Amino acid sequence: MKPTEITKTEILKIYKPIENSAHKGTQGHSVIIGGSYGKMGSVCLASKASLMSGCGLVTGYIPKCGYNIMQTFLPEAMVITDINENTISKIRLGITPDAIGIGVGMGQDRQTKRALYQFLKNSTSPLVIDADALNILSLNREWLLELPKKTILTPHLKELERMIGKWESEEEKFEKTQALSQTLEVIIVMKGAPTYVFDGENVYKNTTGNPSLATAGSGDVLTGIITGLLAQSYKPLEASILGVYLHGLTADIALPETGHQAFIASTIIEYLGKAYLSFEREIGQG
Ligand SMILES: NC(=O)C1=CN([C@@H]2O[C@H](COP(=O)(O)OP(=O)(O)OC[C@H]3O[C@@H](n4cnc5c(N)ncnc54)[C@H](OP(=O)(O)O)[C@@H]3O)[C@@H](O)[C@H]2O)[C@@H](O)CC1
Ligand SMILES: Nc1ncnc2c1ncn2[C@@H]1O[C@H](COP(=O)(O)OP(=O)(O)O)[C@@H](O)[C@H]1O
Ligand SMILES: [Mg+2]
């Protein structure tokens with residue numbers, strides 16, 4: 001199982017420049033579901049990253065306590081609140097978005113667990129599953145069978161361990177992850193240094209990124225980027241590959257300008273524009 005490297009050449013084959021006739025309706029609508037009291041930053045970061053990945057419309061689905069926080073942090077986003085104050089208890093969107101990212105900052109309340117199960121049973125939009133949604137699934141492994149095919153899971157190594165159990169060697173970690181992606185027919189973005197993407201058949205190794213990304217919220221931002229790309233009608237594997245590449249590239253571009261200490265999750269979002277511009281320059285020269 002030799003990984004294929006995710007290089008700029010591959011990325012330029014996937015990347016779709018914007019059409020002149022574009023309007024916000026053609027650029028996709030993504031929904032980020034998550035947040036709980038004290039963890040609203042995660043949804044704010046993921047939603048802003050989704051918008052700045054190029055998505056036309058973004059909605060946050062959050063508990064009531066996050067309403068003012070999110071509307072103030074990100075006026076470009078729309079907000080739908082749960083009936084519950086501090087955690088999500090029932091997911092009623094009333095819209096059918098082009099992609100949904102679920103789990104960041106969501107916590108693992110009993111009501112939230114039940115809401116996730118009902119959501120997975122009924123959801124028809126392409127999905128990205130991260131953080132607490134992954135942890136809840138690890139505690140209720142039979143729920144994994146409810147995941148629609150080509151759903152994208154984005155575990156860091158601890159979340160991965162909760163899903164597949166401990167491994168004795170790197171080889172075993174890769175084999176178990178590959179087996180899970182094959183059995184469930186899902187895409188697994190195994191976050192780390194570097195990040196690998198499994199699609200059940202092949203494994204792809206990211207070539208961008210550096211330790212500046214070892215900062216709170218940087219995975220929440222990745223969830224927002226991949227969800228935004230999915231909503232812009234990139235296929236799930238393309239969105240995963242392009243998402244991890246862009247995410248790492250922001251850190252590579254920023255590092256000489258910011259230094260790693262002052263690089264935070266918001267800096268990833270800030271540098272998305274420069275990362276995209278580097279693609280446009282290559283296309284212009286081609
Ligand atoms: N501003 C906000 O609102 C923010 C909200 N957030 C939200 O908080 C929730 C909890 O998420 P979380 O990831 O912090 O908790 P959890 O799953 O227990 O993992 C932590 C443990 O895992 C390990 N570990 C992690 N990475 C690893 C790696 N690459 N390689 C190896 N190990 C690794 C590490 O273990 P250690 O190495 O310390 O033993 C660490 O102790 C979640 O909903 C998230 O969205 C956060 O995003 C922050 C900003
Ligand atoms: N040393 C590193 N080199 C490259 N990427 C890293 C490094 N440390 C962390 N990252 C990236 O940062 C992100 C961290 O995600 P995660 O642990 O979910 O953060 P959070 O939950 O705080 O948002 C992942 O995309 C991971 O690949
Ligand atoms: Mg995370």
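Values in this document were obtained by computation on a predicted structure and should not be read as measured data. When a residue number appears, it is its place in the shown sequence, counting from 1. First listed ligand is number 1; within each ligand, the first listed atom is number 1.
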Considering only the protein, which heavy-atom contact is closest to [atom], and what is its distance?
atom: atom 4 (C) of ligand 2; answer: Asn210 O, 3.5 Å
atom: atom 48 (C) of ligand 1; answer: Gly217 N, 3.9 Å
atom: atom 22 (O) of ligand 2; answer: Gly217 N, 2.9 Å
atom: atom 18 (O) of ligand 2; answer: Lys191 NZ, 2.7 Å
atom: atom 13 (C) of ligand 2; answer: Ser218 OG, 3.0 Å
atom: atom 19 (O) of ligand 2; answer: Gly219 N, 3.2 Å
atom: atom 7 (C) of ligand 1; answer: Lys39 CD, 3.8 Å

Based purely on interatomic distance, does Asp220 place a nitrogen or oxygen under 3.5 Å from a nitrogen or oxygen of ligand 2?
-> yes
Closest heavy-atom pair and its distance - Gly34, Pro63 =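 Taking every non-hydrogen atom into account, O-CD, 3.5 Å.
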Residues Leu255 and Ser212: closest non-hydrogen pair is CD1-OG, 3.3 Å
Do protein heavy atoms approach [atom] to less than 4.0 Å?
atom: atom 25 (C) of ligand 1; value: yes
atom: atom 19 (O) of ligand 1; value: yes
atom: atom 10 (C) of ligand 1; value: no
atom: atom 37 (O) of ligand 1; value: no
atom: atom 14 (O) of ligand 1; value: no
atom: atom 46 (C) of ligand 1; value: yes

Numbered atoms and elements of ligand 1 in range of Gly41, under 4.0 angstrom, heavy atoms =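 Reading through ligand 1 atom by atom, the close ones are 3 (O).
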Answer with side chain, backbone, both or neither: which part of [X] has a heavy atom less than 4.0 angstrom from an atom of ligand 2?
X: Ala216; value: backbone
X: Leu213; value: both
X: His247; value: side chain
X: Thr154; value: neither

Is the number of heavy atoms from other residues, nucleotides or ligands within 6.0 Å of [atom1] ([X]) greater than 12?
X: Glu142; atom1: CD; answer: yes
X: Lys90; atom1: NZ; answer: no
X: Tyr67; atom1: OH; answer: no
X: Lys235; atom1: NZ; answer: no
X: Lys150; atom1: NZ; answer: no

Pick whichever of [options] has a heavy atom sitting closest to [atom].
atom: atom 3 (O) of ligand 1; options: Gly35, Gly34, Ser42; answer: Ser42
atom: atom 5 (N) of ligand 2; options: Gly192, Ala214, Pro211; answer: Gly192
atom: atom 17 (O) of ligand 1; options: Arg162, Lys191, Met40; answer: Arg162
atom: atom 30 (N) of ligand 1; options: Val221, Leu157, Asp220, Leu45; answer: Leu157
atom: atom 32 (N) of ligand 1; options: Lys158, Gln108, Met106; answer: Lys158

Is Asp199 reaching over with its side chain to a backbone N or O of Asn202, donor-acceptor style, under 3.5 angstrom?
->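 Present.
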Within the structure, does Asp132 bring an N/O atom to less than 3.5 angstrom of an N/O atom in ligand 1?
->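 Such a contact does occur with ligand 1.
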Check whether any N or O atom of His156, backbone or side chain, sits under 3.5 Å from an N or O atom of ligand 1, and answer yes or no.
-> yes
[X] neighbourhood, listing ligand 2 atoms whose heavy-atom distance to it stays under 4.0 Å:
X: His156; value: 16 (P), 17 (O), 18 (O)
X: Ala193; value: 1 (N), 2 (C), 3 (N), 4 (C)
X: Thr195; value: 27 (O)

Say whether Gly105 and ligand 1 are in contact under the criterion: heavy-atom distance to a ligand atom below 4.0 Å.
-> yes
So does [X] pair up with [Y], basic N to acidic O under 4.0 Å?
X: Glu85; Y: Lys64; answer: no
X: Lys191; Y: Asp130; answer: yes
X: Lys166; Y: Glu161; answer: yes

Within less than 4.0 angstrom of ligand 2, does Ala131 place any heavy atom?
->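 False for this residue.
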Between Tyr196 and Phe198, what is the ring plane arrangement, given parallel below 30°, perpendicular above 60°, and tilted in between?
-> tilted
Take Phe279 and Tyr245 through the test side chain to side chain contact (heavy atoms under 4.5 Å, CB included) and record every step on the way to the result.
-> CA-CA 11 Å; Phe279 299 169; Tyr245 187 91; 3.8 Å; yes
Step by step, work out the side chain to side chain donor-acceptor pair (under 3.5 Å) result for Asn84 and Thr87.
-> CA-CA 6 Å; Asn84 209 25; Thr87 51; 3.1 Å; yes
Under 4.5 Å between any side-chain heavy atoms of Leu93 and Ile100, yes or no?
-> yes
Do Glu185 and Thr151 touch side chain to side chain, with heavy atoms closer than 4.5 Å?
->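 Not in contact.
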Are Glu270 and Lys48 close enough, and set up right, to give a salt bridge (charged side-chain N to carboxylate O under 4.0 Å, His left out), and what steps lead you there?
-> CA-CA 10 Å; Glu270 210 176 295; Lys48 187 165 182 182; over 6 Å; no
Scan Val197, Thr207, Leu249 and name whichever one has a side chain to side chain contact (heavy atoms under 4.5 Å, CB included) with Val244.
->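 For Val244, the side chain to side chain contact (heavy atoms under 4.5 Å, CB included) check succeeds only for Val197.
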